[in-house]
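Keep in mind it's a predicted model, so treat the numbers as computed, not measured.
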Amino acid sequence: VVSYTSLLNAYGRSAKPEKAREIFDMMKRNSRKPNRVSYNALIDAYGSAGMLTEAVEVLREMERDGIQPDIVSISTLLAACGRCDQIVKIDGILSAAKSRGIQLNTVGYNSAIGSYMSVGEYDKALRLYRSMRESNVKPDSVTFNVLISGYCKAGKYSESLKFLDEMMDLQIPLSKEVYSSLICSYSKQGQLTEAESIFNCMRESGCYPDVVTYTAMIHAYSLTENWKRAWDIFQDMEGNGIQPDPIAFSSLMEVLNRACQPEKVLQLAELMREKHIPLNSSAAYEIISSCSMLRDWKTASQVIEHMEPSLSSISVGILNQLLHFLGKTGKIEIMMKLFFKILASCSNVSRATYSVLLKNLLAAGKWRKYIEVLQWMEDAGIQPS
RNA sequence: CAUAUCGGAGCACCU
């Protein structure tokens, strides 16, 4: 049962809920009765994929099969509500927990508060936080970070700082997530000095910055158009033995491009290749932008050759943006090359992708190609809008 | 360490 459940969970984590369900059904067929953990893992597989209805249905199935849901089942569903923007369901799940006599623990409250925050129900989140305190359930750094980052995102900065104070009063140590949130929200308010001071506090407290924290700082410098400091802090990160990831690279590349430093961008591209860091589409976009400034089409072409083979796993939006950029700058051949690569690696290419392609072909006066692509699109079963 | 909650960049198409 444990082995099956591990496999089920692995499918859930890789966003394959149908596969998870297959394993689950296989357990039932092979008389390996799924236990509570198996059911919970399946609920999460659906919940993480945004399939809330199916997730709730698994809870019912669980009860029909004589297994009592526990607080993990409930927390999993509560968290899923936030991801699916289902305001109504949060209340329903809370009352379902109550009617079954399941008391919320810290994670349960955190999940519910977080979901309320992410659907914009700040008052309900706050009320729930109060009842958490009244029920003597201990808030932790996650509780406060949910509140702090949620209120920041809503632009309610003074409220969010109140929670920071409350957290310190309770002597809950600030986690690196909290530090990163604070850096992020100060920099978005244009308070670079505050962001820097948080970053320094963090180092002094012995809670060492990781690649996420550094990226938040790079972005802070990016927002203030300070490419040199962004560059320096990137060096500092490497000096501290922290491996930059594709997001860190692309964030730095973005500010460098805006500051007209394409050579530096290509230098970073070379470093990524040396370190075998996969090119994500944002980094590819920035590299191609810098190639464009330098009129270096050969490198641009090579970048596309080296892009991750698993293009299907990255954002379609940014791939389309990349196609659009290539088309706009008249690089039709490279645009087509990327398109073929997308075709080869994605099972379904959306109308949006075809639209970008068509628009740019037409703008470039390639009407023969336009008609050809239009035909491919119809062949693929996509109706022109 | 078989299952649940928080932090970083980029967001096109459509309207």
Side-chain angles (χ1 to χ4, degrees), chain A residues 1-10 12-13 20 34-45 47-48 55 69-80 82-83 104-115 117-118 140-150 152-153 174-185 187-188 209-220 222-223 230 244-255 280-286 314-325 350-359 385:
Chain A
V1 173
V2 172
S3 308
Y4 275 106
T5 306
S6 305
L7 185 57
L8 190 165
N9 185 45
R13 302 217 78 100
N35 62 16
R36 185 180 283 129
V37 175
S38 322
Y39 281 91
N40 287 344
L42 186 60
I43 292 174
D44 190 43
S48 307
D70 64 358
I71 180 59
V72 175
S73 326
I74 297 299
S75 305
T76 307
L77 284 174
L78 286 170
R83 294 183 200 112
L104 293 188
N105 60 9
T106 301
V107 174
Y109 274 109
N110 290 349
S111 306
I113 293 171
S115 288
M117 295 299 292
S118 70
D140 62 5
S141 70
V142 175
T143 317
F144 285 105
N145 198 32
V146 166
L147 291 163
I148 291 170
S149 60
C152 275
K153 208 168 57 186
L174 305 194
S175 63
K176 57 185 192 315
E177 286 85 354
V178 175
Y179 280 115
S180 303
S181 301
L182 291 171
I183 289 170
C184 182
S185 62
S187 70
K188 282 180 177 144
D210 62 8
V211 62
V212 174
T213 322
Y214 273 104
T215 305
M217 285 306 297
I218 291 171
H219 190 234
S222 173
L223 289 173
D245 66 5
I247 298 182
F249 271 105
S250 59
S251 305
L252 180 56
M253 286 172 169
E254 187 193 355
V255 62
N280 63 6
S281 51
S282 301
Y285 178 82
E286 297 302 337
I314 60 185
S315 157
V316 174
I318 201 143
L319 279 173
N320 291 342
Q321 190 191 0
L322 187 51
L323 283 171
H324 184 63
F325 173 82
S350 70
R351 189 193 336 266
T353 303
Y354 280 104
S355 301
V356 173
L357 208 67
L358 289 169
K359 187 151 93 177
S385 65

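A gap of 16 Å separates the C1' atoms of B:U15 and B:C11, to the nearest Å. The separation of B:C1 from B:U5, taken at their P atoms, amounts to 14 Å, rounded to a whole angstrom. Here, B:C6 and B:A2 have their C1' atoms 23 Å apart, quoted to the whole Å.
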Per-nt protein contacts along nucleotides 2-7 of chain B (heavy atom under 4.0 Å; B base, S backbone sugar-phosphate only, - none) come out as BBBBBB
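Partners of A:Tyr109 under the side chain to side chain donor-acceptor pair (under 3.5 Å) rule, at least two apart in sequence or in another chain, are A:Ser135. For A:Thr5, the side chain to side chain donor-acceptor pair (under 3.5 Å) partners are A:Ser38, not counting sequence neighbours. Every residue meeting the side chain to side chain donor-acceptor pair (under 3.5 Å) condition with A:Ser181, not counting sequence neighbours, appears here in chain and number order: A:Asn145. The salt bridge (charged side-chain N to carboxylate O under 4.0 Å, His left out) test applied to A:Glu254 returns A:Arg258, not counting sequence neighbours. Judged as a side-chain contact (heavy atoms from CB on, under 4.5 Å), and not counting sequence neighbours, the contacts of A:Ala79 are A:Arg83, A:Ser111.
Under the side chain to side chain contact (heavy atoms under 4.5 Å, CB included) rule, A:Val146 has a single partner from A:Val142, A:Ile148, A:Thr143, which is A:Val142.
Heavy atoms of A:Ser250 sit under 4.0 angstrom from at least one base atom. Using a 4.0 Å heavy-atom distance criterion, A:Ala352 is classed as a base contact. Base contact: A:Ala248 has a heavy atom under 4.0 Å from a base atom. Within 4.0 Å of A:Lys188, counting heavy atoms only, lie sugar-phosphate atoms of the nucleic acid but no base atom.
We find that CG of A:Leu358 is positioned 14 Å from P of B:C13, with the value rounded to whole Å. Atom OH of A:Tyr354 and atom P of B:C14 are 16 Å apart (whole Å).
OP1 or OP2 of B:G10 sits under 4.0 Å from a side-chain N or O of A:His219.
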